[in-house]
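Following: one structure in structure tokens, then a few remarks.
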Amino acid sequence: MNELFCKAIISIWHHICKKSSFFILTLTARLTVSPSRSQFFKGDFVSLSCEEDDSSAGWTLRRNTSKQQRTQCGDGWGTSVNSSCDISYIVERDSGVYWCESREGPISNMVNLTVTGGSVILQSPVLPVMEGDDVTLLCKTKTTPSNLPAAFYKDGSLIRKQPTGHMTIQHVSRSDEGLYKCDISGHGESPSSWITVTGDTLTCLCFCRFQHSQCDDNLMTVFALF
Ligand SMILES: *[C@@H]1O[C@H](CO)[C@@H](O)[C@H](O)[C@H]1NC(C)=O
Ligand SMILES: *[C@@H]1O[C@H](CO)[C@@H](O)[C@H](O)[C@H]1NC(C)=O
Ligand SMILES: *[C@@H]1O[C@H](CO)[C@@H](O)[C@H](O)[C@H]1NC(C)=O
């Protein structure tokens, strides 16, 4: 089961919704982060975008940080540029969970971003990893351009020391899920980040809204699970 299959199912639903004229279909958006990682140095440039098939849905990027909840892009943080939200100089207090939300209710995947004022980060996938894929983790310093030897930890225990500063986990499985961090001797330790592994299953999520309904709660949700 793959994304193409999921798209095919969604397009069938699209057809049904259109034909019946009772429904409008809203697909959920996908939040992507560029550069695609979950840890950043203070001062980095980060761009987040809500990717969607239906641009009329009006997606809003929101976040929760330790200080504020549910604030949207442009509301004291970030700049909306077309359908992206750019944070040109990210700082520690931008650490938090980010998601896209539409007026109709559906929300996207969530991502955790962590910003450090320190000098080491772990470059790990910001989006869930598919079971069976290979994942490469990179331990990076802010100041040294070349890769230095690094130690990698999972859930607090040392798992590997790598002379080149990067580590590949081959054919990831659910048991690789956990909280990862790394350290580079003489430079320090990175923050910790979750690596999430998703199975071979894919959730196609779409919303059929009653077109002529005056009730807001008349929302029909269609989950297609494979
Ligand atoms: C964000 O904060 C609100 C209010 O505290 C809470 O209801 C919501 O579940 C939080 N969302 C996430 C994704 O953490
Ligand atoms: C925004 O989108 C318009 C039209 O697609 C494009 O011309 C413009 O360069 C974009 N702006 C930025 C800052 O990406
Ligand atoms: C975000 O981080 C919290 C703990 O810091 C964790 O419980 C949660 O699962 C993470 N969410 C994602 C989407 O990685």
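Order of listing sets the numbers, starting from 1, for every ligand and every atom in it. Side chains are part of it too, since the values below use all heavy atoms of this structure and drop only hydrogens, waters and symmetry mates.
Judged by distance alone, with hydrogens and angles left aside, the side-chain atoms of Trp77 form a donor-acceptor pair with the main-chain N or O of Gln72 at under 3.5 Å.
Partners of Arg93 by salt bridge (Lys or Arg N to Asp or Glu O under 4.0 Å), not counting sequence neighbours: none found.
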Contacts table for residues 41-50: side-chain donor-acceptor under 3.5 angstrom, sequence neighbours left out:
residue: Asp44; atom: OD2; partner: Phe41; partner atom: N; Å: 2.9
residue: Ser47; atom: OG; partner: Asp86; partner atom: OD1; Å: 2.7
residue: Ser49; atom: OG; partner: Thr32; partner atom: OG1; Å: 3.2

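Inter-residue side-chain proximity for Cys182 and Phe152 is flagged as met; some heavy-atom pair is nearer than 4.5 Å. Looking only at side-chain heavy atoms (C-beta outward), Thr65 and Asp94 stay at 4.5 Å or farther from each other.
Among residues at least two apart or in separate chains, side chain to side chain donor-acceptor pair (under 3.5 Å) pairs with a member in residues 153-168 are Thr136-Thr168, Tyr153-Asp183.
At a heavy-atom cutoff of 4.0 Å, ligand 1 is surrounded by Asn64, Gln69, Val97, Trp99, Met110.
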